Amino acid sequence: MLLQIAEPGQSAKPHQHKLAVGIDLGTTNSLVATVRSSEAQTLPDVDGQHILPSVVRYHGDGAITVGRKAKQQASQDSANTIQSVKRLLGRGVSDLQQLGDQLPYDFSGDTEGMPYIRTAAGDKSPVEVSAEILKVLAQRGVESLGGELVGAVITVPAYFDEAQRQATKDAAKLAGLNVLRLLNEPTAAAVAYGLDQEAEGIFAVYDLGGGTFDISILRLNRGVFEVLATGGDSALGGDDFDHVVAEWIIAEMGNPSLNRDQLRSILDAACDAKQQLTDDDSAKIVISDNDLNWQGQLNLAQFESLIEPLVKKTLRACKRALRDASVTADAVREVVMVGGSTRVRHVRNKVADYFGRPPHIEIDPDRVVAIGAAIQADVLAGNKPGSEMLLLDVIPLSLGLETMGGLVEKVIDRNTAIPVARGQEFTTYKDGQTGMVIHVLQGERELVDDCRSLARFILHGIPPMAAGAAKVRVTFQVDADGLLNVSARELTSGVESAIEVKPSYGLSDGEIARMIKDSFSHAQEDHDARTLREQQVEADRLIEALEAALDADGDRLLTPEDQAILRQGIAQLSQLNGGSDHKAIAKGIEVLSAASDEFAARRMDDGVRRALAGHSVDEVET
Amino acid sequence: MQLEQNFFKLFDLAEDYHLDIHQLSDRYRVLQKETHPDRFAQGSEREQLIAVQYTAHINEALNTLKTPLKRAQYLLKLRGKELCPESSAPMEPMFLMQQMEWRESLEHISKSDDPEAELEALDDEVASTWRQMEKDFIAALSNESELEQAVSTVRKMQFLDKLRHEIEQAEDELLDD
């Protein structure tokens, strides 16, 4: 393995382009994009295809097919071919029952836990299935860019809750991807159009895909993108346009009885006609296979009247979302179109009418989310020093705790800027109570039953005291991806308990570690190699970051002695990093990190001080 | 963490109930550019951890200062008066009477002929009382001997704040029908 070890003092590598990608992990299709020569573009596979259908097929012999081939063969092996796995991510078995019986899979696992799909290759969790899709995209990134990726920005729907975000991140971890950030899909689309450059305003992102419709109302205020409201229909999309056209064709044929293959042919013809009508005013339909022989003509006006009820349905959802956001349609400054079905002219026209302005359609609506993710990945990878872009985010749903009587006490309100940490004190309600159940909930409602349960744990070992005498401080920490950590501490005794919130249907760290291990054809040395590689990457990152910091601020903030100590620490870690003892490297990282903590804090304080000293100059007008 | 603990000083703002919200958000953004974890996406794990801690502190400061009620509570806290939400100190009977009246009319509004107009009227009335309390609070706060007065005003503001949320909720429900 080649490692670049820089000489001390020569580590500033401004020209070194870091390889990072943006990934749109979609329900139907997924894409990967990157910024090359300052242009964001999606990456094709070897056949020149950019879109990867989000379909995974498990074969009995352990082989896995992902993408187009899996999709084409889906009907032959539907039980082992997983489609739309995104609908299952972060969901419990009981949630899935609400999705109806549209899922042709067998599930194992009890109703409390996470659903596992029974396949010919064993039981697979939605996280593992998603990881297969991510692996293919990551591999495509590595091959097209010719090097290892420093990380990826992965997009998630704005309405994804904590469990679904965690599951997405777990899938990335399983796929060996370093997640730079989870980004909301509508925010990504807005970034692709550079809307983050504008000072402020309200934006609508209209996302009509093959099978789902989402509308998001965003507010940008000085770099903070806030999701004001989301809405939509999880069972409405371009496929429904095909269906209404197919029904029309069947009616024109005189309603013959049809078999499954014939129906498929008609649906394909309907889809072709729909696509033809994006450019032409009339589509010729010819069906001549599977013992069918029919020709017809569908003109634009007919087509538009066929899909009108469906388009209206999306506009009603827009109206509801605007109302939830407490804004009017004319307050919306820009409208962004996402999803292949927004190519339909009638959709564009109706949306333009409704919002009173033409929507943005300049970027391919299938790729716009991946492109926005790539732009942010490029910034986060450090390829754009001096970039002004900073996307600040808020939590979409309130987080709270169960209190007496099945009520929820909110600890962090929705729309609070993240990352955030907040503590609240609770007390015991019984004399001599030695344990306390900490039940973490998400949602806006007051009753526990109306909120989503995220986790439940018990703080043991509270010394027996009179009711109300113990003071338990529960701290919620939400990171920049919206993921939650909860800890509880009894203040008089110091008894402590903490968990990373993993919902009952999420994966534990142990399970993830096991899956990672399993995925390396159960060879210990492979696993060790991966661990070594991870430690080396982390050591490189630390060395590089610290050298850059020393070059920039060492003379100003540290004594020559302290600088020498850190430089020496860097040299030691570099040496360790050339070896193959991952434990020694981990220890070395630990030591050097601890030694540089104070310096890092000083730099941050200094930055804050200087930033504020400059504010009188920067604040031109308020 | 060596970051300034006083939220007003952190944003270099005067310790005052009056606050220019644009200035606050401008300075918030300036600080976030220095400390946000995204700025350290390529940094070491420790650096990212420190960045999260700093940013969380700045976010907490923003959340406290941007909401009028929280700002008022914080100003009291800086003067050593922490309000406990369940504190049972007696309230002025007149104030409580008024509260009960408002709550009753809020409950009955949905059955009235023109609930929207009535809701708006109630909202206006509560809002004007709120503005008066803000004035009382500012006046009491400027005088050390009236600190207890300021505390009792903020306790009233807590009541009003809750009522205003309930009015908002009622408005939402009205729209949903």
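Note that this is a predicted model, so its numbers are computed, not measured. All heavy atoms count here, side chains included; hydrogens, waters and symmetry mates do not. All chains are named by letter (A, B, ...) in the order of the sequence lines, taking the proteins before the strands, and each is independently numbered beginning at 1.
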Quick one: of B/Val52, B/Asp38, B/Thr55, who has the most non-hydrogen atom pairs under 4.5 Å with chain A?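 The option with the most such pairs is B/Asp38.
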When [options] are compared by non-hydrogen pairs under 4.5 Å with chain B, the top option:
options: A/Thr416, A/Asp597, A/Asn221, A/Leu180; answer: A/Asp597
options: A/Ser596, A/Ala381, A/Gly151; answer: A/Ala381
options: A/Asn178, A/Val420, A/Val478, A/Leu546; answer: A/Val420
options: A/Leu542, A/Asp413, A/Leu392; answer: A/Leu392

Heavy-atom proximity to chain B below 4.5 Å, by part of [X]:
X: A/Arg603; result: side chain
X: A/Asp479; result: neither
X: A/Glu425; result: neither
X: A/Arg181; result: side chain
X: A/Ile589; result: neither
X: A/Ile418; result: backbone
X: A/Ala539; result: neither

Pair B/His22 and B/Tyr28, ring centroids less than 6.0 Å apart: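 Distance test on ring centres: not under 6.0 Å, no.
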Give a yes or no on whether a salt bridge exists between [X] and [Y], defined as a side-chain N under 4.0 angstrom from a carboxylate O.
X: B/Lys9; Y: B/Glu15; result: no
X: B/Arg46; Y: A/Glu590; result: yes
X: B/Glu60; Y: A/Arg422; result: yes
X: B/Glu166; Y: B/Arg103; result: yes
X: A/Arg610; Y: A/Asp606; result: yes

Can you confirm whether the side chains of B/Asn143 and B/Gln149 place a donor and an acceptor under 3.5 Å from each other? no
Is it the case that A/Asp540 and A/Gln536 place a side-chain donor and acceptor less than 3.5 Å from each other?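 No, because no side-chain N or O of A/Asp540 sits under 3.5 Å from a partner of the opposite role on A/Gln536.
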Heavy-atom cut-off 4.5 Å, strictly under: side chain, backbone, both or neither for B/Glu168 against chain A?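 Looking at B/Glu168, nothing touches chain A.
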About how many Å separate CZ of B/Arg27 and CZ of B/Phe11, when rounded to the nearest 0.5 Å? 10.0 Å
